[in-house]
Amino acid sequence: MSRDLDRPPADMPSRRRFLSGAAALGAGALAGSAARAANPENLPPHVPDWSRYLGDGVDARPYGMPSEHEAHVVRRNVEWLTADPVSSVNFTPLHELDGIITPNGLCFERHHGGIAEIDPADHRLMIHGLVDRDLIFTVDEIKRFPRTNRVYFLECAANSGMEWRGAQLNGCQFTHGMIHNVMYTGVMLKDVLAHVGLKPNAKWLLPEGADASAMTRSIPMEKGLDDCMIAWKMNGEALRPEQGYPLRLVVPGWEGNMWIKWLRRIEVGDMPWHHREETSKYTDLLANGKARRFTWEMDCKSVITNPSPQAPLTAKGRNVITGLAWSGRGTIRRVDVSMDGGANWQTARLDGPSLDKSAHRFYIDFDWDGREMLLQSRAIDSTGYVQPTKDQLRAVRGENSIYHNNGIQTWLVRSNGEAENVEVSS
Ligand SMILES: Nc1nc2c(c(=O)[nH]1)N[C@H]1C(S)=C(S)[C@@H](COP(=O)(O)O)O[C@H]1N2
Ligand SMILES: [Mo]
């Protein structure tokens, strides 16, 4: 597979092909995952190199890293998308992952003022405003509240935002990679708020980050008292600096910009903080010039991660189609997959835990005869909501939006196995 994914050309946004040549197709047999040809010296009946010598001892790798052969599995940014990497985004390599958990080092990053490098000994969380007593907590004091472990997806509201006017970026990493799904360890925000005591007119929360952007968002109290968490661990280990070390707010199912990282302050008030740019910025401009506001929940969505433009099919015969589905309103009830652009659908096999406001993994096991396919997935969540087509979405929202594009994605898979981001009308 070519490595020019690193650098989409300067003349984007136009669609492009990532693969320089046709992917080699095995003659019916499974080619395996090897993109490179095997070294015959390492194949049976020979004894491969790694069986002939002793390997590293247990003191060689105090913090383990992936195999060097996985070096291509990295977060990537799209340079032309933003003016500066300090206020930018990179993307989770969804096509290289499986199951439902995103490894910590591959969780996409979105910062408005770069990564704050915080010494937890010097970090405090202040809670003040319409509370019985203003309090300043150390990180250790926060950890003394009762703990809970929850798996949630975080999706940036701008995920797939570049696709509103048509197919654009060639890879699910770029079209859908502003999402990660992580197990958080933390405390319930409601327990900490009960400790400071809420005044009767306490209706809104304004969490603030300790990074250079001092990002804030207004969050309604009902959400804060429902399932929000203050977390310090992701997938069992400390939050990474990129993800808000030492403390971040977890706002399950709601748009990523509310999940304040490097959490240092929560103000309690009786109204949203309209004067704050961040609160009014996240709106969806409709065709009639009006804008949708307070669109906090992330609607039900799905994407096929394999095959996809960065992950072509390499063989005919036995193959696996897989992808992710999620909903900010609950669990995923069903995922349908179409191979002909939405004319016919079959139900995919959901595998792995089906958790509230978490990513779900789906599979279709099938025999590919080399036929060209228009692959789509369509998720249905526990409320019965059906993921819309892009045309259905545009009919309601127009094309001016950046945020909340949860339309059905189409990959054209050619008979040589290459896949391309396309749209079909529906
Ligand atoms: N303090 C702070 N919190 C922040 C941001 C930020 O720039 N500063 N970015 C927000 C946005 S827009 C998103 S989508 C998520 C991204 O979280 P991640 O970097 O863990 O993927 O963090 C949110 N929290
Ligand atoms: Mo975001």
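Ligands are counted one by one from 1 in listed order, and the atoms in each one are counted from 1 as well. Below, all heavy atoms of this structure are taken into account, side chains as well, without hydrogens, waters or symmetry copies.
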Numbered atoms and elements of ligand 1 in range of [X], under 4.0 angstrom, heavy atoms:
{"X": "Glu109", "value": "19 (O), 21 (O)"}
{"X": "Phe108", "value": "18 (P), 19 (O), 21 (O)"}
{"X": "Glu242", "value": "19 (O)"}
{"X": "Gly209", "value": "1 (N)"}
{"X": "His180", "value": "18 (P), 20 (O), 21 (O)"}
{"X": "Trp259", "value": "22 (O), 23 (C), 24 (N)"}
{"X": "Ile260", "value": "3 (N), 24 (N)"}

Which bit of [X] is near ligand 1, meaning a heavy atom under 4.0 Å away: side chain, backbone, both or neither?
{"X": "Trp262", "result": "side chain"}
{"X": "Met178", "result": "neither"}
{"X": "Glu255", "result": "neither"}
{"X": "Leu154", "result": "side chain"}
{"X": "Asp211", "result": "side chain"}

Quick one: does any side-chain atom of [X] pair with a main-chain N or O of [Y] as donor and acceptor, under 3.5 Å?
{"X": "Gln387", "Y": "Ala325", "result": "no"}
{"X": "Gln376", "Y": "Ser338", "result": "no"}
{"X": "Thr102", "Y": "Asn181", "result": "yes"}

Spatial distance of atom CZ (Arg75) from atom NE2 (His180) [nearest 0.5 Å]
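Reported to 0.5 Å precision, the distance equals 9.0 Å.
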For ligand 1, is Met258 a contact, meaning one of its heavy atoms is under 4.0 Å away?
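For ligand 1, residue contact (heavy atoms, under 4.0 Å) with Met258 is absent.
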Just to check, does Ser213 reach to within less than 4.0 Å of ligand 1 when the distance is taken from its heavy atoms?
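Judged by the 4.0 Å heavy-atom criterion, Ser213 does count as contacting ligand 1.
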With respect to Asn257, determine whether any N or O atom, backbone or side chain, lies less than 3.5 Å from an N or O atom of ligand 1.
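No.
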Does the distance from a Lys or Arg side-chain N to an Asp or Glu carboxylate O, for [X] and [Y], drop under 4.0 Å?
{"X": "Arg61", "Y": "Asp56", "value": "yes"}
{"X": "Asp227", "Y": "Arg150", "value": "no"}
{"X": "Glu117", "Y": "Arg240", "value": "no"}

Can you say whether the rings of Phe91 and Phe174 are parallel (under 30°), tilted (30 to 60°) or perpendicular (over 60°)?
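Rings of Phe91 and Phe174: perpendicular, over 60°.
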Do the rings of Trp259 and Tyr152 sit parallel, tilted or perpendicular, given the 30° and 60° boundaries?
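Trp259 vs Tyr152 ring planes: perpendicular.
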Residue selection (non-hydrogen contact nearest atom 20 (O) of ligand 1) among Arg75, Glu208, Arg248:
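Of the listed residues, Arg248 has the closest heavy atom.
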For a side-chain contact (heavy atoms from CB on, under 4.5 Å) check, start with the C-alpha distance between Ile101 and Asn235, then their side-chain angles and the critical distance, and finish with the verdict.
CA-CA 8 Å; Ile101 295 293; Asn235 295 329; 3.5 Å; yes
